Amino acid sequence: MSKNLRFLVVDDFSTMRRIVKNLLNDLGYANVVEADDGNSAWPLLQAGNVDFLVTDWNMPGMPGLELLKQVRADPKLAKMPVLMLTAEAKREQIIEAAQAGVNGYVIKPFTAITLKEKIDKILGVAS
Amino acid sequence: MSNPLQAEFGETIAALADALAADNEGAFFAELDGLLQRRERMLFLDLRKLTGDLQSALQRFRMDSRLMDLAQKDVPDARLRLDHVLRLTDEAAHRTLDLVEQSGPIAERTAQAANDLMEPWQQFRDRKIAAEDFHRMVRKMDAFLLATSSDMDKVREHLSEVLLAQGYQDLSGQIIRGVMKLVTELEIALVDLVRLSQTGARTARQVSDETRRGLGPQIPGIKTSPAVSGQQDVDALLSGLGV
């Protein structure tokens, strides 16, 4: 059932979006939509077609942290699982993301196994 | 009506001319010395004013210009950043080529094994195969199926790694964007410097604080505030925070 989850991948680099989309497909998640920053992600989230958000941090327009905060502040979306997939590696940034309510944090460059583990952990699936 | 020069020097020159006409050597040189001293004092005052102007201009420039920072820290950092980009692209290209090179022979081996099976298979289909050949074909088929299954797993694994290796484009792209921002700042600072040297005026620079937008990847050799060294660090930090 969880394989029918609808993922939204937000990253300003189209190569990274393709990579994540392909990895998600490999993991059996076929339903993946993309957006290139928080601003273009927001209408997709608002439309209610997303079950799981994977977002970069460093993006023009609306950065990932702001998108996360906006998601948590919206009653409809507040409980949405959010995985941050980013090159941002400062301890204070990771703490800030945790305080903003992120469910998982994967640092780039990453491996397919790490991505799977974090998604499974967030979904409460035994890996 | 007298002009400023006359007001300033008229009296002295007249006294000087009188002393010259009267052949009064003492009075002449006394007037001349006084004149020279006044001139020197004026020059000195001008020079002091000029020095003061120059000093305050330099001071002002040093105080609020990013140029010093840019030249001393950011430009060497940019060199390190670009060097890191070079390394990232080099590693990704080699990783990809390695995987392609490893996958090629596997594909070839599979194709070869399939080819080897074709002839006996055709004989079998035509019901012309000898019993001994049939047994050999079945053994070959067993081995082929087993090998293909594990070989294709391997190829699939390689493809997945090729996919991940393309992540360099995102990382190096972020770094290059950072360097482009630096070049823009450098340009603004240099334009300011030119303007300052021409008129002494300065304009407000727009150097935005983009921390909220993110800082980009860590670059080896560039010291910043504490950063994690990898996913394990992130996991430890987050589990400490209850995530």
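Below, chain A is the first sequence line, B the second, and so on; all start at residue 1. Please read these numbers as outputs of a predicted model, since none were measured by experiment.
- In terms of heavy atoms, Glu92(A) sits closest to Ser225(B) at OE1-OG, 3.6 Å.
- What you find for Lys118(A) and Asp235(B) is that their closest heavy atoms are NZ-OD2, 2.9 Å.
- For Ile113(A), the CD1 atom counts as loosely surrounded, since its 6.0 Å shell holds 12 or fewer non-hydrogen atoms of other residues, nucleotides or ligands.
- Arg6(A) CZ: more than 12 foreign heavy atoms inside a 6.0 Å radius.
- Interface check for chain B: of the options Val102(A), Asp26(A), Asp11(A), the most heavy-atom pairs under 4.5 Å are formed by Asp26(A).
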Which is it for Arg17(A) and Asp170(B) under the salt bridge (charged side-chain N to carboxylate O under 4.0 Å, His left out) test, yes or no, and what are the steps along the way? CA-CA 10 Å; Arg17(A) 293 200 302 271; Asp170(B) 169 8; over 6 Å; no

For Arg177(B) and Asp12(A), what are the C-alpha separation, side-chain angles and deciding distance, and is it a side chain to side chain contact (heavy atoms under 4.5 Å, CB included)? CA-CA 12 Å; Arg177(B) 273 189 191 160; Asp12(A) 52 332; 2.6 Å; yes

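- Looking at Leu23(A), the atoms closer than 4.5 Å to chain B (heavy atoms on both sides) sit in the backbone and in the side chain alike.
- Your options are Ala97(A), Gly104(A), Gly61(A), Ser14(A), and the one with the most heavy-atom pairs under 4.5 Å with chain B is Gly61(A).
- Annotation for Ala87(A) and Leu171(B): closest pair CB-CD2, 3.6 Å, computed over non-hydrogen atoms.
- Interatomic distance, Ile95(A) CD1 to Leu237(B) CG, rounded to the nearest 0.5 Å: 5.0 Å.
- Only the side chain of Leu241(B) comes within contact range of chain A, with heavy atoms under 4.5 Å apart.
- With chain B as the partner, the residue from Met16(A), Arg91(A), Met59(A) showing the most heavy-atom pairs under 4.5 Å is Arg91(A).
- Smallest separation of non-hydrogen atoms from Ala89(A) and Gln218(B): CB-CG, 3.6 Å.
- Taking chain A as the reference chain and counting heavy-atom pairs below 4.5 Å, the highest number among Gly242(B), Gly173(B), Gly240(B) is found for Gly173(B).
- The two atoms that bring Leu238(B) and Tyr105(A) nearest to each other are CD1-CB, 3.4 Å, heavy atoms only.
- Dense packing is recorded around CD of Gln46(A), with more than 12 heavy atoms of other residues, nucleotides or ligands lying under 6.0 Å away.
- The minimum heavy-atom distance between Leu164(B) and Ala112(A), with the atom names listed, is CD1-N, 3.4 Å.
- Of the listed residues (Gly230(B), Pro217(B), Ser229(B)), the one with the most heavy-atom contacts under 4.5 Å to chain A is Pro217(B).
- More than 12 non-hydrogen atoms from other residues, nucleotides or ligands lie less than 6.0 angstrom from CD of Gln102(B).
- The shortest distance between side-chain heavy atoms of Val228(B) and Lys90(A) does not fall below 4.5 Å.
- One distance of note links OG1 of Thr15(A) with CD of Gln166(B); it measures 8.0 Å at 0.5 Å rounding.
- One distance of note links NZ of Lys108(A) with CD of Gln174(B); it measures 5.5 Å at 0.5 Å rounding.
- Heavy atoms of other residues, nucleotides or ligands lying less than 6.0 angstrom from CZ of Arg87(B) number more than 12.
- With a threshold of 4.5 angstrom between heavy atoms, Asn103(A) approaches chain B through N, CA, C or O but not through any side-chain atom.
- In this structure, CD in Gln169(B) is found 5.5 Å from CZ in Phe13(A), a value given to the nearest 0.5 Å.
- Summarising the local packing, CZ of Phe144(B) is surrounded by more than 12 heavy atoms from other residues, nucleotides or ligands at distances under 6.0 Å.
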